[in-house]
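To start, the structure itself, in C-alpha cells.
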Amino acid sequence: MAFDINTKILTVTDGQSLSAAATLAADVIRHGGLAVFPTETVYGLGADGTNAEAAQKIYAAKGRPSDNPLIIHIYDPKDAEPYSVTCSLYYALAEAFMPGPLTVIMPKKDTVPYSTTGGLDTVAVRCPSHPVAREIIKQAGVPVAAPSANLSGKPSPTAARHCIDDLAGRVDVIIDGGECDIGLESTIVKIDVDDGGEDYLTLLRPGAVTCDALRCVCPRVDIARAVSEQLAQDEKPLSPGMKYKHYAPRAPLVLLDGDGESILAFLQKRQSECRCAILCYDEEIPHLENKRLLPVGPRDDMKTQAHLLFSNLRLADSTDAEIIYAHLPPHTGLGLALYNRMIRAAAHTVLRLEK
Ligand code: TXA
Ligand code: MG
C-alpha cells in the first residue's frame with residue numbers, strides 16, 4: 001500500500017486552537033479517516049470504532065497485525081452502554097478512575113465490528129482525561145478506536161514529534177498537544193465472574209492506575225502472568241498484544257539490579273570500555289562521564305521515570321551505542337508498569353551486581 005497522504009499538522013496552544021483542531025480531527029474520524037491526538041497516557045491513532053473499514057485503515061497505517069484488538073475511547077463512562085455489556089463493577093471503576101488512564105474489557109455488543117476487536121467477543125473501553133482527546137471524542141459523536149500512534153514495533157509516542165516521525169504520510173491529521181503527562185499506556189483490566197457469581201478483575205497491562213488502587217474498588221485483582229514473566233513459546237496470553245514482539249531498542253538493553261554503589265562502579269568501568277548509553281538517575285550524573293547519558297529523573301521519582309521512558313528509548317536508538325544500560329525498576333506501585341515495559345524491551349536480560 002502507498003502511504004502518500006498529505007498529513008495536516010495542527011498545534012494546540014489555547015482554547016481557540018483546541019476547538020479548531022478538535023473540529024477538524026472529529027470531522028476526519030466521522031468521515032472514516034485517521035486522526036492522531038494526545039491523551040494523558042500516550043498519543044493515540046484514532047478512527048471511528050463502529051466503522052470496520054476505518055478500523056482496517058488503522059492496522060494498515062501502523063503495520064499492525066489485524067488480530068490485535070483496539071481500545072474504544074468514549075466521552076462519558078455511560079457511553080459504554082451501546083457497545084459493551086456493563087456491570088456494577090464497571091461503574092465502580094468508572095467512579096474511581098474515569099476520566100483517566102484505565103481501560104476495562106467487557107463483552108462486546110453487535111454495534112462494535114469484529115475488525116475493531118480483532119475478532120474477539122470482548123471490547124476494551126477507555127474514557128481519557130486529556131482535554132484534546134475529550135473534545136475530539138465529544139465532537140466525533142462515535143466511539144474512537146485508537147491504539148498508540150506509533151509504527152508497530154516502535155515505542156509508544158509521548159510527543160507529537162514521535163508521531164510525525166512514524167506516521168506522517170499515513171494519517172490525515174496529527175494534533176500536537178505537547179508532551180503526554182503520564183508517558184506509559186493505560187492500565188488494562190478484564191472483568192470476569194468467579195464460580196460464586198462475583199465479579200473480579202484480571203490485570204492485563206499495568207499502568208498509572210496501580211494494583212493497590214484497583215484493590216480499593218475490587219478486592220480480587222489477579223495479575224496475568226505475562227505482566228511480569230516471560231511466557232513459554234506455546235503459551236496463549238490473555239491479551240493478544242502480549243504475544244507480539246514488543247519494542248526493543250536497536251542495541252541490546254541490559255537491566256541492572258543491585259546496590260547503588262556496585263551499579264555506579266560497573267557503569268564507570270563500562271564507560272571506559274565500550275560505547276554504552278546509560279539511562280541514569282539524576283543523582284548519578286556528576287559521577288559519570290557526560291557521554292550518551294539519558295537522565296531518567298531522581299531515583300525515587302517513578303512518575304518522572306515513567307514520563308521519560310519511551311522518549312529516552314527513542315533517544316538511545318539515535319546514539320551510536322552498542323549496548324544500553326538501565327536500572328531494574330521495582331515491582332511495586334507505578335514501578336510495575338515501568339518494569340513491565342522495560343523487561344520486555346530488554347528481552348528479560350537482567351544483570352545482578354553485588355559488593
Ligand atoms: O493508554 C492507552 O491505552 C493508549 C491510548 C492511545 O489510549 N492506547 C493503547 O492502545 O495503548 P494499544 O492498541 O497500543 O494497546 C492496547 C492493548 C493491546 O495490547 C491489545 O492487545 C489489548 O490492549 N486489548 C485491546 N482489546 C482487548 C480485548 N478485547 N481483550 C484483550 N486485550 C485487548
Ligand atoms: Mg501500542
Side-chain angles (χ1 to χ4, degrees), residues 34-47 49 55 58-59 61-74 80 83-85 97-109 112-130 132-134 136-137 143-158 162-163 166-167 174-175 177 180-192 201-209 224 226-227 236-247 306 310 337 340-341 344-345:
L34 300 180
V36 169
F37 57 85
T39 84
E40 71 279 19
T41 56
V42 300
Y43 273 74
L45 165 54
I58 290 182
Y59 293 111
K62 270 184 72 89
R64 173 171 174 149
S66 59
D67 66 342
N68 192 0
L70 306 172
I71 296 172
I72 61 166
H73 295 68
I74 54 175
Y83 310 107
S84 59
V85 183
F97 306 115
M98 293 182 194
L102 179 69
T103 297
V104 182
I105 296 177
M106 293 172 285
K108 85 170 192 71
K109 289 187 178 166
V112 186
Y114 280 109
S115 59
T116 297
T117 66
L120 298 178
D121 289 316
T122 51
V123 62
V125 177
R126 161 157 139 75
C127 174
S129 63
H130 194 290
V132 175
R134 292 186 62 68
I136 292 172
I137 299 163
V144 177
S148 48
N150 52 288
L151 282 176
S152 203
K154 287 283 200 81
S156 289
T158 56
H162 305 151
C163 307
D166 282 12
L167 297 175
I174 295 176
I175 311 293
C180 301
D181 186 28
I182 296 171
L184 297 179
E185 309 88 339
S186 62
T187 302
I188 303 183
V189 290
K190 184 164 183 286
I191 299 183
D192 282 312
L201 297 175
T202 305
L203 179 77
L204 302 186
R205 183 174 72 186
V209 174
V227 164
K236 192 169 175 266
L238 295 173
S239 173
M242 293 179 183
K243 83 178 170 215
Y244 294 107
K245 185 175 174 308
H246 244 255
Y247 166 73
F310 287 139
N340 168 266
R341 309 315 189 272
R344 287 148 155 262

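Read the numbers this way: they start at 1 and go in the same order the structure lists the ligands and their atoms.
The distance criterion of under 3.5 Å between nitrogen or oxygen atoms is met by Arg126 with respect to ligand 1. Where the criterion is an N or O separation shorter than 3.5 Å, residue side chain and backbone included, Tyr43 fails it with respect to ligand 1. No N or O atom of Glu185 sits closer than 3.5 Å to an N or O atom of ligand 1. Here's the thing with Lys62: none of its N/O atoms is less than 3.5 angstrom from an N/O atom of ligand 1.
Applying the 4.0 Å criterion to heavy atoms of Ser186 picks out, from ligand 1, the atoms 1 (O), 2 (C), 3 (O). Less than 4.0 angstrom separates some heavy atom of Arg64 from each of these atoms of ligand 1: 12 (P), 13 (O), 14 (O), 18 (C). With ligand atoms numbered from 1 in the order given, ligand 1 contributes 25 (C), 26 (N) to contacts under 4.0 Å with heavy atoms of Ala124. Heavy-atom proximity to Asn68, at under 4.0 Å, picks out these atoms of ligand 1: 18 (C), 20 (C), 21 (O). Interface of Ser148 with ligand 1, defined as ligand atoms under 4.0 Å from a residue heavy atom, comprises 8 (N), 9 (C), 10 (O), 12 (P), 14 (O). Residue Ile188 has at least one heavy-atom neighbour below 4.0 Å for each of these atoms of ligand 1: 17 (C), 23 (O). Near Thr122, the atoms of ligand 1 lying under 4.0 angstrom from a non-hydrogen atom of the residue are 28 (C), 29 (N), 30 (N).
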Derivation and outcome, side chain to side chain contact (heavy atoms under 4.5 Å, CB included), residues Thr187 and Phe97: CA-CA 11 Å; Thr187 302; Phe97 306 115; over 6 Å; no

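To the nearest 0.5 Å, atom CD1 of residue Ile105 and atom CD1 of residue Ile71 are 7.5 Å apart. Annotation: the span from Thr117 atom OG1 to Ile72 atom CD1 amounts to 10.0 Å, rounded to 0.5 Å. Interatomic distance, Arg134 CZ to Glu40 CD, rounded to the nearest 0.5 Å: 9.0 Å.
Of all the heavy atoms of Leu120, the ones lying under 4.0 Å from any atom of ligand 1 belong exclusively to the side chain. At a heavy-atom cutoff of 4.0 Å, ligand 1 is contacted by no atom of Lys190, backbone or side chain. Looking at Ala146 against ligand 1, only its backbone comes within 4.0 Å, counting heavy atoms.
The Mg ion (ligand 2) has no N, O or S atom of Ser156 under 2.8 Å away, backbone or side chain.
Of the candidates Glu40, Met106, Arg205, His130, Arg205 brings a heavy atom nearest to atom 15 (O) of ligand 1.
Distances shorter than 4.0 angstrom do not occur between any heavy atom of Lys108 and any atom of ligand 1. The closest approach between a heavy atom of Thr117 and any atom of ligand 1 is not below 4.0 Å.
Under the 6.0 Å distance and 45° angle rule, Lys108 counts as a cation-pi partner of Tyr114.
The backbone N or O of Asn150 sits nowhere less than 3.5 Å from a side-chain atom of Tyr43 that would complete a donor-acceptor pair. In this structure a side-chain-to-backbone donor-acceptor pair under 3.5 Å is present from Ser84 to Ala80. Looking only at distances, no side-chain donor or acceptor of Arg205 sits under 3.5 Å from a matching main-chain atom of Asn340.
For the 3.5 Å distance criterion, the side chains of Arg126 and Thr41 qualify, holding a donor opposite an acceptor.
Taking both residues in full, the closest heavy atoms of Phe310 and Ser156 are given as CB-O, 3.4 Å, listed atom of the first, atom of the second, then distance. Closest heavy-atom contact between Gly46 and Val144: CA-CG1, 3.7 Å.
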